[in-house]
Colleague: 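Below are the structure tokens for one structure; questions will follow.
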Amino acid sequence: EQGAIGEHEAGASASASRGRGRPARRWVVAEAGHHALAADYDHLAAQALRYLRDAVGPDAVASFARTRVADLETRYAVQLAAAGSDPMARAEALVGALSQDGFAASARPVAGGALTGIQVCQGHCPVKDVAEEFPQLCEAETDAFSRLLGVHVQRLSTLATGQHVCTTFVPTPTVPPRKGPSA
């Protein structure tokens, strides 16, 4: 396993300017170190979206969000199509696709009065910090879920609004059966 710091031996010219002694070594951040260091990507993304909003208009941010989610939707559509028409199977396929992308997703059946359905939860969101300022990212994702699942879904909560999980309600005609102890 590679460490966070890598050693890079300096060339002859660097050691010649140092004088006598052991050859000079240069220490560099290895790939594992780059992944461990904090980055300012969220700030940069928010700054870019602010610029887009100010330079082109607020609709440009929504358009960007839809374009961003279109790739996800295209990739996920294959997995959901393979799941067939059963709502729980399709929700589970969505959960699997989201989990592969690092969203820490789960699904569980719910019933309450006249409402029956499935709650799809996402415990991690790579755009959470940016979505706090730009909810269009969450809205575009919710719209994609509706198209992927073939029903109008409702976003109940988001990490971006301070909730502990993003929760999307997927209505079903009947209460889907629970699958195993983890469902």
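All heavy atoms count here, side chains included; hydrogens, waters and symmetry mates do not. Everything numeric in this text was worked out from a predicted model, so none of it was measured.
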Colleague: Taking the side chain from H124 and the backbone from G102, do they hold a donor-acceptor pair closer than 3.5 Å?
Modeller: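 Yes, H124 side chain to G102 backbone: donor-acceptor pair under 3.5 Å.
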Colleague: Under a 4.5 Å cut-off applied to non-hydrogen side-chain atoms, are F169 and I118 in contact?
Modeller: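 They are not in side-chain contact.
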Colleague: To the nearest 0.5 Å, what is the distance between OG1 on T168 and CD on Q154?
Modeller: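 Going from the OG1 atom of T168 to the CD atom of Q154 covers 9.5 Å.
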Colleague: How would you list, by chain and number, every residue that makes a salt bridge (Lys or Arg N to Asp or Glu O under 4.0 Å) with E73, sequence neighbours excluded?
Modeller: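 Here the qualifying residues are R147.
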Colleague: Decide, yes or no, whether a salt bridge links R155 with E141 under the criterion of side-chain N to carboxylate O below 4.0 Å.
Modeller: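 Here R155 pairs with E141 in a salt bridge, since their nearest N and O are under 4.0 Å apart.
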Colleague: State whether the side chain of S63 and the backbone N or O of D59 hold a donor-acceptor pair below 3.5 Å, judged by distance alone.
Modeller: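 No: the side chain of S63 does not pair with the backbone of D59.
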Colleague: Is there a chain of hydrophobic side chains (I, L, V, M, F, W, Y, each step under 4.5 Å between heavy atoms) that links Y51 to F64?
Modeller: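 No: no chain of side-chain contacts under 4.5 Å links Y51 to F64.
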Colleague: With a 3.5 Å distance limit and no angle check, can you tell me whether T116 reaches the backbone of T172 through a side-chain donor-acceptor pair?
Modeller: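 Side chain of T116 to backbone of T172, a donor-acceptor pair under 3.5 Å: yes, one is there.
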Colleague: Does anything in residues 111-130 pair up under salt bridge (Lys or Arg N to Asp or Glu O under 4.0 Å), and if so which pairs, sequence neighbours excluded?
Modeller: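 Salt bridge (Lys or Arg N to Asp or Glu O under 4.0 Å) check on residues 111-130 returns K128-E132.
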Colleague: List in chain and number order the residues that pass salt bridge (Lys or Arg N to Asp or Glu O under 4.0 Å) with D71, two or more places apart in sequence or in another chain; answer none if no residue qualifies.
Modeller: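 Applying salt bridge (Lys or Arg N to Asp or Glu O under 4.0 Å) to D71 gives R75.
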Colleague: Are V151 and V95 co-members of a hydrophobic cluster defined by side-chain heavy atoms under 4.5 Å apart?
Modeller: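 Yes, same cluster.
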Colleague: Do R68 and V127 touch side chain to side chain, with heavy atoms closer than 4.5 Å?
Modeller: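 Answer yes - side chains close enough.
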Colleague: Apply the test side chain to side chain contact (heavy atoms under 4.5 Å, CB included) to residues Q122 and T158: give CA-CA distance (whole Å), side-chain angles for both, the deciding distance (0.1 Å), then the verdict.
Modeller: CA-CA 9 Å; Q122 297 160 260; T158 65; over 6 Å; no
Colleague: Would a single hydrophobic cluster contain both Y41 and V130, if residues Ile, Leu, Val, Met, Phe, Trp and Tyr are joined by side-chain heavy-atom contacts under 4.5 Å?
Modeller: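 Unlinked, V130 and Y41 end up in two clusters.
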Colleague: Does the side chain of Q47 reach to within under 4.5 Å of the side chain of L44, using non-hydrogen atoms?
Modeller: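 Yes, close enough: below the 4.5 Å cut-off.
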Colleague: Could you pull out all residues at least two apart from D86 that satisfy salt bridge (Lys or Arg N to Asp or Glu O under 4.0 Å)?
Modeller: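 Per chain and number, D86 pairs via salt bridge (Lys or Arg N to Asp or Glu O under 4.0 Å) with no residue.
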Colleague: Which pairs would a plain distance check flag for residues 76-85, meaning a side-chain donor or acceptor within less than 3.5 Å of a matching protein atom at least two apart in sequence or in another chain?
Modeller:
from: Y76; atom 1: OH; to: A97; atom 2: O; distance (Å): 3.4
from: Y76; atom 1: OH; to: D101; atom 2: OD2; distance (Å): 2.6
from: Q79; atom 1: NE2; to: Q100; atom 2: OE1; distance (Å): 3.4

Colleague: Hey, does the side chain of S146 reach the backbone of V153 with a donor-acceptor pair shorter than 3.5 angstrom?
Modeller: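 Checked: pair present.
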Colleague: Donor-acceptor pair, S157 side chain versus V165 backbone, under 3.5 Å?
Modeller: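 Answer holds: yes.
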Colleague: R53: which residues meet the salt bridge (Lys or Arg N to Asp or Glu O under 4.0 Å) condition with it, sequence neighbours left out?
Modeller: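 Partners of R53 under the salt bridge (Lys or Arg N to Asp or Glu O under 4.0 Å) test: E133.
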Colleague: What is the distance from atom SG of C121 to atom CG of L159, rounded to the nearest 0.5 Å?
Modeller: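 Answer for the SG-CG pair, C121 versus L159, is 10.0 Å.
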Colleague: When you compare the side chain of P126 with that of F103, does any pair of heavy atoms fall below 4.5 Å?
Modeller: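 With C-beta onward as the side chain, the pair touches.
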Colleague: In Å and rounded to the nearest 0.5 Å, what is the OG1 to CZ distance from T167 to R108?
Modeller: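 The distance works out to 8.5 Å.
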Colleague: Is any side-chain heavy atom of L137 less than 4.5 Å from a side-chain heavy atom of V69?
Modeller: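 A side-chain contact under 4.5 Å is absent here.
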Colleague: Any side-chain to backbone donor/acceptor pair from R90 onto L148? Under 3.5 Å, distance only.
Modeller: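 Pair found, side chain donor or acceptor close to backbone of L148.
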Colleague: So L49 and Q136, side chain to side chain contact (heavy atoms under 4.5 Å, CB included) or not? Walk me through it.
Modeller: CA-CA 11 Å; L49 288 175; Q136 298 94 323; over 6 Å; no
